[in-house]
Structure formats: structure tokens, C-alpha cells
Amino acid sequence: MAQEYRVLLEHADKINPESAADYVKVGGYKGLEKARSMNPKDLTEEVKKSGLRGRGGAGFNAGMKWSFVPQYPETKYVVCNFDEGEPGTYKDRIICQKNAQALLEGMAICGHAIGSNNGYIYCRGEYPFVVEMLKKAIGNAKESGALGEFNIEVRMGAGAYVCGEETALIESIEGHRGEPRFKPPFPGVEGLWRMPTVVNNVETFACLPYILTNGADWFAGIGAKSYPGTKVLTLTGDIENPTYFEVPTDYLLRDVIYELGGGVKGGKKLKAVQVGGTSGAFIPPQNIDTPIDFDSMSAIGAALGSGAVFVMDESRDIVDTINRIAKFFEHESCGQCTPCREGTHRCKEIMEKINTGRGTLKDIENLKVLARVMQKASLCGLGQAAPIPITSTLEHFEYEYLRKLM
Amino acid sequence: MTNSINELENDAKCVFLIGTNTTENHPVIGYKIRQNVLKNGAKLIVADPRRIELAELADVYLPFKPGTDVALFNGMMNVIINEGLADRKFIESRTEGYEAMAEVVEKYPPEVAAEICGVDAADIIKAARLYAESEASSVCYAMGLTQHTTGTDNVKSCCNLALLTGNLGKPGTGVNPLRGQNNVQGACDMGALPVVFTAYQAVTNDEARAKFEKAWGVTLSGVNGLTLTKTINKAYEGEVKGLIVVGENPMVSDPDLHHVEEALDKLDFLLVQDIFLTETAKKADVVLPGVSFAEKDGTFSNTERRVQRVRKAISNKGDARQDWEILCDLSTRLGYPMSYNSPEEIFEEIRTLTPSYAGMNYARLEGTGLPWPCPAEDHPGTPILHKEKFNRGLGLFHAIEYLEPAEVINEEYPIILTTGRSLYHYHTGTMTRKAKGLDEHMPENVIQINSALAKAKNIVDGEIVKVTTRRGSIKLKAEVIDGIRENVIFTYFHFAEAAANVLTNAEVLDPVAGIPEYKVSAARLEKL
Amino acid sequence: MDIKLTINGKEIEVPQGTMLLDACRKAGADIPTFCYDPDLKLAGSCRMCVVQPQGWRNLVASCVTPAQNGMVIDTESPDVVEARKVVLELMLTRHKLTCHTCEKDGDCNLQDYCYRYGVTESRFEGKIHNLFKDDSNPFIERDYDKCVMCTRCVRACEEITGARAINVMDRGYHAHIATAFDGELEDSPCVFCGQCIMVCPVGALTSKIAAGKGKPAQNEKVLTTCTYCGTGCTLELNVKNDEIVGVTSNRDAEWSPVNKGALCVKGRFGWDFVNSPERLTTPLIKENGEFRPASWDEALDLAAEKINGIKEKYGPDSLSMFSSARVTNEENYLAQKLMRAAIGSNNVDHCARL
Amino acid sequence: MANYMDIIASCKDKPGGIIEAFHAIQKEYNYIPEEALREAARAFKVSEAQAFGVATFYSYLSVKKRGKYIIRMCESAPCHVAGADEVLKALEANLGIKAGETTEDGKFTLELTECVGQCQATPVVTINSEPVFNVKPEMVPGLLAGYK
């Protein structure tokens, strides 16, 4: 029987996340202490060695990312991406609400590695209460002296999914429209206020204290080799236990749904599961015996990313759901580049047409062409990923589309 | 300009604007200064009684009293000298007359200057430091500096400041007058001035005269002629009997228009050559139709001394003739035959008599044009003057005391009236008032009044008010704004029907340049 | 340091830091662009300039992608062509197709590229935005139903003029160009320089003064120097049937050394006085206080007679001349020559001081 | 009620803090009044057009007057499949307005939103950012009554 394996959430609800003292009692801030006893280069090596990969869309090796940050100029930034906007995702909120000090500690560890005392947490505007809590947690940590010279400021987003893209997030902190920048230059070289910046999300930062405390080898030994550690998942949709879990990354998707999740709600049959939020692929039942780690998911066209697991039972209307998702992307496109700005709108228009029984084969053909161009030619990940739900359902559930045509 | 326009965008680290509303009157230069500030972080100092657009971007804004320019410059120089910010090396190697200047400047500590100028001493100190400490500082001015009875003094003070800090002869520096009209530089270069032939060769200089006598085959007068303002006065007094006006409109542009009108009425003969029946042309005995810039070939010289081509795009309108042809025809009839086949042929003659244009020809001017001096055909032109030495050798400091403007306010005329231009119109409006969009956008004159003054006088925005000076009065629409000194009012001079120059002073001129004091008239403002 | 790469089978060398767009153009490839403007900050957003680097999953926007050593680039691969066609079709769905009455007909990037890629119509349906604004200003026509959102106008407004009157408002498909509070230009910091018109690749921004007077292909352009202030900006007079029908500008510093194409409201929109019916077209002689048309001979003879009469009676210094800061050097030269050589007085001046 | 000038002044020293200022203004006014936006532009040294561009980019910011209570109905996929449409209909019927509108008395504004990150209990609505979980159409009248 599959069990949770809690690292980040081990002390959930047992400690006050605002209190540094509580956190210290359960072993907190030891990692930072250790990190500060190391020279930055060794620290970065240690993190690299742990195999920690970003718990976001790209899954990039965290230590590697840090190693790209140049030694000069002196002003650098550590930015926490707390803009989880993928529908069905709330794991970073849970980590903050249960273990905020681990996030702060993780950011300070990163600060030591790259030589920065300037931290920003960019929290999505949907969580004003978490912002208040974080501000208290930071105040408490500063007061206790745990963070030393490292400063953290919280900035609040204002309802823009695209700000989860790291350069859009940076633009937003700078007070601009959240429009992603073209890359290169990457934030590691030219980020916030054109200074070198490391952007990682809450879950990534929160892993760091445990890696430092228990050692890189310990972390590398958990879960899948290529993507070690644990992953916090949130289960939504037609599932018996719609809640969050922390599991090792070699866990099978089937077990997530049927063991932890308690199976499809009402004992119905599974039609599809979408992993990683709205931009993830729809996985048919025949593919659920796959480990949830990043690379295995990518291999079946899905994305682990945000850790959202959205389950749909046999009664669900795929086309209607895709229509809704298409509307989401139309709403969230920043509007900067042509394929995404216009493409998300036309996708929604065509999906609406098909969903309301006015579509033709030609529309499906047009969707495919449009999806291909959006994936290949959009400026940022949003436009590139927006058609994935469409292409994956056209691959596995084309009959549902055909059934709705005129 | 001693330096070139593009240096204001790329090379100047500090730009000091005094008496120039650059974004309105030289918009493209204004853009460049703004970009330099926004993109490169150049420092900006703005001295103007009106809070002009660029004041918003300025590191220091000095809303000083009209006519107190010399005091402001002396105050800044006092700070520079006393704080040891002067460029000693430059002063020693490239200038003379420092001691006399420094002696006068010593009398203007920033507090004293601040009192005269009506600004904070701290701002004078800050401006002085910014200008003196930057790697390359450029000072730009326009008619706000020159149209005073002390206009020449003002310009000399400006040069003092540049000499004191070594801000001459290098990229991004210089003393840079921004000239208001497309070819005012060229008209001066070409000797359309009463004291010089082309390239500023004095008519009183025997050698120069001999050169022109030889070239032109006549005997020439060695007596300095009359300036424009003096001509009007002499006409009024009956000494000037005949006047030829080529494309000018003194009936709107000159000071004290009632006086101008009376003077023109007294002439025996007035000949006007123009493209419109201007207010001046209406007074003429004979009017000859010339052509506009779109219909002619030739060259203009811009404010940075760059000689550029003007190219004919369309034919003459109706029976109108090329202006150069009209001048040839008239000269021939006056008994001095002139005949050319083209403007290019005229230019070829100009180069032979004009050392600074000697190296230019139409082929060389084809692309970017050339800034003078360009003495030889293999010379690339001179974007920056005074690089190695000044024309006279060493740069001369002038010791200049502050003098009050000719008209000071009193009980009867308690407000200072100052005049200028709008972005949307040009000079006497002969062209822009006939450009549909421009005239529709700004169809009438206004008078800008500080909101506190307006409140005191119970004047509301948009109402018609009366402005009176010792010369006369006009009625204007009030524009109540905050960005102007409290006892200063401002109006435009483009509008013949509400002509600002009815109000201005023609009696007292700058003793050297003969420029009228358009920027300071004592006035009275009345609610109707 | 130079790097080597292969573009359409041709090996070229470019300095490190060169963008692919410049490298491709150097290799002779014709890369279409909308948002790219060499004088403005890079946007990388229209995605028209995408090219295919061999071995890369996605296409890259060549205007913002630095060339890398050893890259192999195809600028017209099937994927590239498909992407460009779809981008054009997507633009067409928001662009009001009124080419027959459009001021930019014949000088429009969208038209040119559709022609080049054989895009006759869009495969996508849908309505245009209805963003047309009847902006009451007399200079600039804003028809955002033709806008392709390249944002060059926004950047030119900020980076050339510095007026910062416009920006993008809203987001996604609803994003469009607007002043603060989506009002009229008159109520914004706009100074009507028309730099936005200069950079607009389509017909979204056009001159109201030139409207209806001539399409770009019908106009001849004559480069000359502006007649207004002393800055000496270069501009192009657009001529049709021997009449001035508009002003455009040349952005090449070689031909526009002072202003690089930038103009002000007077230069770009103040040219129509040339066509005014009030222009003088014949000499006039005043008789009994009224003007009557006269022949040149008559007018010049009368003028010469009067001037010579005064000179004889009162001497040359009883005559004076105001030359002009607005006529050419050649004409000023002749004017002072006339005064000095033909009349014999130095009484010549112009309004340099006024 | 705090003055927008004071609110903006309190954020002025945060680099790029115009969005923070907008949040603070909205906390007081529920939207960003025109004068406040112009003042924010001045304080943060950006053009008014840019400040307006920022304010209209983010869906939680509004330059139009809104009601005292801002009700947001999440319509992202997890809420959608859990019956968000029916809840929306109930909200519209009970309030007598369509999504995007404000009730005549100025009390409620109804908006659609994408995921608010409370997907453990769908469908979710938020009222002035406070989430309400597992909303059923029949709960709507009682819910609204709590705010009358």
C-alpha cells in the first residue's frame, strides 16, 4: 500500500509557520547554518549534487541554474516564484501555510550561494491572507536573527497567470505589465532590474534546508534518480480524496489516483487525467502506470510541473472541458506575441464552435495547424503550452470531437 | 552652435537650458535632450520663468525672473570659482581676462544672485556643481537669453561659464544658440547683415571690401548699414524713404507695431516679395510673388552650421517666379545686371568669396551636407568649433555686471510680460496659419497667467482679458496655469489679430546687437 | 571575435553578439518583420521573423536571438513558412481589409508579406475588434482595426519623441494601443510629431492632412530641408501631379543627418500652406489704395523706377532692405549683393533678432 | 477613509511598487480612481499611459468603479467540472446582474475569475478575496444575505 513520504510537510499543523522558534525546535535553520559555513562554490556544488530540479515548468537543475550567475555585479536577487496559477494547483500555498520558515531558509541558502542579500517573494494576488502570514513569518525570522543579513520583501501579483513565467514575474515586480521577456538574456545574467537573478518556486526553495541538513546524497536517494526528492501533489476533479499529498517522485500515477486518491469518485471509470495543471496533456487510462517524475511524465506528453492531478471520470465531456481550458488561455495570454495573442482567441473560437455542434472537419484541421504554430513560434512557455490540451485530446480522444461535429 | 545637435543626445553629460523652450521651438532637438536624460542619465538644468516641458525632467529647475540672466550666470560662476570647480588648466592655456571677470563675479555669491533672480540659492549652487562637475556640459539658449537690452551681456556671460569650466571644443560641450528660423544662420553667413559681407567679413575692412569690389566689379560703401529696428526708426523719422522686404513680415514680428505701421506709412516706396499677401505686403506699393521652399532649389544652413540642400519638388504657382530670378531681374533693371542659370551657379560664386564655404559644392552637399567651416574640397567640415584654439586665439573672458531690464515694473504696470512661440505655429504665422491642421489645433492666441495671479484678479481660464503696456493694449483669452512665475504673463507673437508686438518695446535695444527686449515688458492685466 | 554559421547553406562570419536577423540579412536572406525597428528597443513579439535553427525543437525569432557559432539556419523551411503564413492569417483576422481606400496601400508590410506567401485570406473566422476611434485631432488618424500590435508606435513615442502618450492597454486578444484612460490624443501628452505614423508598418496610423490626396505608389518623393525652425530636419515632400500631397521622412542618417526621420508637428503636418489658394500668383501694383494684378515687366519696371528715383534724390542710404531668414543662402547672397552692388548701401538686415 | 495621496506616498519608496500602490488603493476604494492612477504615475515616474497599461493588464485591478463586495466565481477546469456554471447562474439570478456588472445599489460586483488556488473544495467563489468552498446553487441566497 502506497504511503505518503513527508519531508517538507513533516511537521504540518504541528508548528506555527510564522514562528522561527517553532521551526528551530524541529531542526529548522540548521541547513542555513551549514550553508553559511561553506564557501558559495561548494554550496552550489552540493545542491547540484543533490539532483534537485526546479519544481516548476522547466524542471531545471537548481544548482546548475545558480552556477550561471556571475560573481559581478554585486547586486543580485533571489526571487521566489509563488505565483502558482495552474488551475488545480495549490501546493505552494500549502507548503507556505504549513512550513513558511523552510521557504525563507531556502531563499537565504540560495542568497549565500550566489552572493545576494536581496530576496523577493512574488505571491499571487489570490492569496492576500498568505501574504499577511508571510510578512509575519519574515518579521519573526528577522527578529530572531535566523536570516542574518538576508532580506525578503513580499510582492503581490494581481491576477495574471502569465506572471508565473519567470521573466513576466520579474517585469511585474518592477511594476510593469507582466509581459515575458525574450531570452536570452536569461535572468541568471540579466533579471530583476537587469541584475543577475535566481528565480525558483516555493517548493524548490523549501527543499534546500533538508538537503543541507541531511546531505545531498540523502536527497538524491529519494524517489526517481533523474528527479529525486518528494513532490507535493494536489488532487482535484472526480476523485474520492480531493486533497494534497507529498510523495516520492518514483510513485506511479496509478497509485496516486487509486491508492492515495481513493480512486475515481463514486467508483466510476477513469476517462482521463491531466497532470501539471491546465497546460498539461490529457493522459488516457492506458498510460497511468507511469512514474510521476518529470522525465517520465514528459515522455507521455504530460508535465509534472505544478503537481496538479485533475481526474475526469467516464461521464466527462472532453470537448467541453477543452473549450473551458481554451477560454482560460485566451483570458491569460499577455497579448504580446502574435501566435499566442491571436491564437488563443482563435482556439477558443473554434472550440466553442465544435462544442456547440457547429464545427466541421476543417475546424479540426485548422486547430492542428494553429496548435503547431503556437507551439513552435510563441515567445514564451504560455503560448507554447496552451495548445497541449488540444493536441493531446485530439490524439487520444478525437472521437469526442468528431461526435460533436455538424 | 559651437557643437553639433546630435552631441546633445549622445555626448553631453549635462545640458543647461536657459531661455529656450526646446521641445516647443526646436522639437527635434528637444527630443534628443529628453532621450539623453531618460536613456543615458544625462543631467539637466533648466532656467526659465515658465515651467517648460523639459523642466519636468530637470535635476535643477530655476524659475528665475525675466531679465536676470547675468546675475544667474555670475552666481553660478561664483560657486564654481569658490568651490574650486573651475578648469584651471583650460583657463591658463586657452583664455585671457580671467582676473577681471573673477573680480566682478566675486560680487555675486549665490545668495546675492538668488535674491536678484528670485530663486533659491541652493538651486544655483546645485546647478553650478552639476554643470561644472560633469564630464561634458553643454549650454543651449535661444531668444529667451538674447531678446533683452542686455542680450549681448547675457551671451557673453554664457561664454564665460563655458570658458571657466573648459566646456568648449570637446564633444558634448559648447555654447549653443538654437536658432529659430530655418535659414537664419545662412542669412547671417551670406552677409544679409548691415555690417558684414559673407562669412562675417566686415564692410569696414578695406581688404574685404576690395575683394568684393573686385569680384562684383563695383565700388562698395564702407559705412555700416542700418539694422532692421533702426531702419524702422529711420523710416519713422523720414530718413529712410524706400524699403525692399524679401519674405519678412515686420508688421507682425517687429516690436511696437503701431510704431512700425506708422513708419511704413511714411515710406515713399515699399516693395515686398513674398508668397502670401502678408500684413506687411498689404502696405506695399508693389508686391512680387516668390515661391515657397517646396518650389525651389538651393541650400539652407541650420543652427549647427550644417549646409544642406533644398530641392525643388513642384513648379512655381501661377505666374510666380523663383526668388533668385526676381532679385536678378530687379538688379538688372536697377542698372547692375545679374544673371545666373541656377542656384548652383550662385553657390559657386558664393564659395569663391566665402572662406568657410569654400570647400563645398552641390555634389558634396548631396547626402549629409557639411558643417562650416569647410575651407577646402578635401575638408570634412567642422562639427565642433574651437577645438585647438579660438578664432581670436585665446578665449576672452568678459567682466559683466548685472543690469536691470529697460522696463521695470511699477504700480501702473506691475506685471512682467514676456513673449515667445508655440509648438504649433511659426513666427508671424504666414505659413502655419494657412496650414489647416495647425490652425485648427491652435486657432487663437492666449495669455498664460499664473493661477494665483488669476485668482487675485478673479480671472478664470478661458475668459477674455486685456493686457496693456506703455505701447498699447490687446485682448486675449486667458490660459490659467501653474507653471509660470506669479507676476509674469506670457503670450505668443504668431497672431496678427492679437499681436503681442503691439505691446513690446522698440525704444530701448541691446546697444551692440540692436535686439529688442521682447522678453521683458512692464504690463498691466485687466479683467474685462 | 567573429563566429561562423551557415544560413541557407551559405557560410558566413559575423561578430559575436550579432542577432540572427542581421546575420541572415548579411547572408542575403530576406526576413520579413513587423515589430523590428533598428532604432527602437527590441520586442521580439510579432514572430514574423522566425527562422529554423537545425536541431532545435522550436523556431526562434531572429531579431532577438543572438547568432551562435556553428548554427545552421534555414530561413524558409516548411515550418518557418507555415508559421509565417499562420501569423499573417492571424493578423488578417483582426485587420480590417480596406486596401482599396487605405492610405498605405502599396506601402504596407502586411500586404507585401501576404503577397509573398500567397495568403489570400485567413483560414480563421471571427470578427474584427471595432477599435476604430474617431479621434478629433486634426493630424493623426487612428484606426486600430488595422493595427497588428507591433507596438512600434508605443516605442517610437517613448524612445524617439519621449512624449509617452500611448501604451498597450488590456491584455491578450483584447490588448490594444491606447492613451491613458483610452481617450483622445488631444487629452494626452501627444505632441503630434507623427513618429507613430512613420513607424507603423500598416495603415493603422496615417496622416489626416494627406488623407485622400495620393497613395504611396503614386507619389514621387523629393528629399529636402524643412522650412520651419533652425534645426534643419530633412524630410520628403510627396508629390503627385505637381502638387504637394504629403510629407514623409527618410530614416537613414546618411540622408537625414540631423533628425534621422524624426519630425515635429509642423514639419510633418504643416506643409499644406504650399497649396493655399491665398498664395500670390501674379505681381500686384497698388493704385488708389487697391491692388491690381500686373505683368512682371510692369511691376519690375515700376519698382526699379521708384528705387532709382529715391536713390538719385536722397542717396543710396535712404534705401534699405530686409532680406529673409526663410529664403535660401543663394537668395540671401543675391539680396545683399543687390543692396550693396546695385544700390550702394549696406542697409541690409533680416529678422535674425526677432 | 485614507486619502489616495497618502496611500501612494506610503508605497513610493518601493522600487517598482506601483502595483503595490494599486492594491492599497483598491483596498480603500475597490477600484483605482482616475486621479489616483494619475498620481501614482507621477509618484513612480512612469507615464500615465504606462500606469494605465499596467492597471488594465491585471485582472484583479480595475479602473472602473466597483461594488463594496466583489464576488468572483472561479471557472477554471476543476471548478467547471464541479458545477461552476450552475453556481454562476444562481449568482446572476440572485443579484440580478450579469458577470462583469455591479448591482444598482453599488453593493455587489460579480466577476469571473480563473483558478484561485482553493481546488480542494470546488466550486469556489471568493467574496473580497475570502474563499467560500463547495458552493451549491441553493447556497447562494443565504451566502449573499450574509453581506446585505
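We use all heavy atoms of the structure for the numbers below, so side chains are in, but hydrogens, waters and symmetry mates are not. Proteins get letters first, then strands, A, B, ... in listed order; numbering begins at 1 in each.
Listed for the Tyr58(D) side chain is a donor-acceptor partner under 3.5 Å among the backbone atoms of Gly178(A). For the pair Arg93(A) (side chain) and Gly117(D) (backbone), a donor-acceptor distance under 3.5 Å is present.
When heavy atoms are compared at a cutoff of 4.5 Å, Arg324(A) approaches chain D solely by way of its side chain, counted from C-beta outward. Interface remark: Asp320(A) contributes backbone and side-chain atoms alike to the contact with chain D (heavy atom separation under 4.5 Å). Neither the backbone nor the side chain of Lys91(A) has a heavy atom closer than 4.5 Å to any heavy atom of chain D. Looking at Thr89(A), the atoms closer than 4.5 Å to chain D (heavy atoms on both sides) all sit in the backbone: N, CA, C or O. Heavy-atom distances place the backbone of Glu174(A), and not its side chain, under 4.5 Å from chain D. Heavy atoms of Cys334(A) lying under 4.5 Å from chain D belong to its backbone as well as its side chain. Contacts of Val131(A) with chain D are absent, with no heavy-atom separation under 4.5 Å from either backbone or side chain. Using a 4.5 Å cut-off between heavy atoms, Ile325(A) contacts chain D through its side chain alone, with no backbone atom that close. For Tyr244(A), no part sits under 4.5 Å from any heavy atom of chain D, backbone or side chain. Only the side chain of Val162(A) has a heavy atom closer than 4.5 Å to any heavy atom of chain D.
Ranked by heavy-atom pairs under 4.5 Å with chain D, the list Pro87(A), Ala158(A), Pro128(A) is led by Ala158(A). Heavy-atom pairs under 4.5 Å with chain D were tallied for Gly85(A), Ser172(A), Pro242(A); the largest tally goes to Ser172(A). Per-residue heavy-atom pair counts under 4.5 Å with chain D were compared for Ala160(A), Gly237(A), Gly88(A), and the maximum is reached by Gly88(A). In terms of heavy-atom pairs under 4.5 angstrom with chain D, the leader among Arg316(A), Met312(A), Arg155(A), Glu332(A) is Arg155(A). Most heavy-atom pairs under 4.5 Å with chain A, from the set Gln50(D), Arg72(D), Lys14(D): that is Lys14(D). No other option in Gln118(D), Gln26(D), Gln120(D) has as many heavy-atom pairs under 4.5 Å with chain A as Gln120(D).
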Kindly indicate, with the supporting measurements, whether the criterion side-chain contact (heavy atoms from CB on, under 4.5 Å) is fulfilled by Phe129(A) and Ser129(D). CA-CA 9 Å; Phe129(A) 40 93; Ser129(D) 289; 5.7 Å; no
List the steps and the verdict of side-chain contact (heavy atoms from CB on, under 4.5 Å) for His176(A) and Phe57(D). CA-CA 9 Å; His176(A) 303 145; Phe57(D) 181 88; over 6 Å; no
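The environment of Glu138(D) atom CD is dense: over 12 non-hydrogen atoms of other residues, nucleotides or ligands sit within 6.0 angstrom. Counted within 6.0 Å of NZ on Lys68(D), heavy atoms from surrounding residues, nucleotides or ligands total 12 or fewer; the atom is thus considered open.
Of all non-hydrogen atoms in Ile18(D) and Gly175(A), the two that sit nearest each other are CG2-O, 3.4 Å. In plain terms, the two heavy atoms of Ile19(D) and Met156(A) that are nearest each other are CG2-O, 3.9 Å. Here the closest non-hydrogen pair linking Phe328(A) and Ser76(D) is CD1-OG, 4.0 Å. In terms of heavy atoms, Val54(D) sits closest to Arg177(A) at CG2-N, 3.7 Å.
Atom SG of Cys115(D) sits about 5.5 Å away from atom CZ of Arg124(A), to the nearest 0.5 Å.
For the side chain to side chain contact (heavy atoms under 4.5 Å, CB included) criterion with Pro78(D), the lone passing option out of Leu235(A), Thr236(A), Thr234(A) is Thr236(A).
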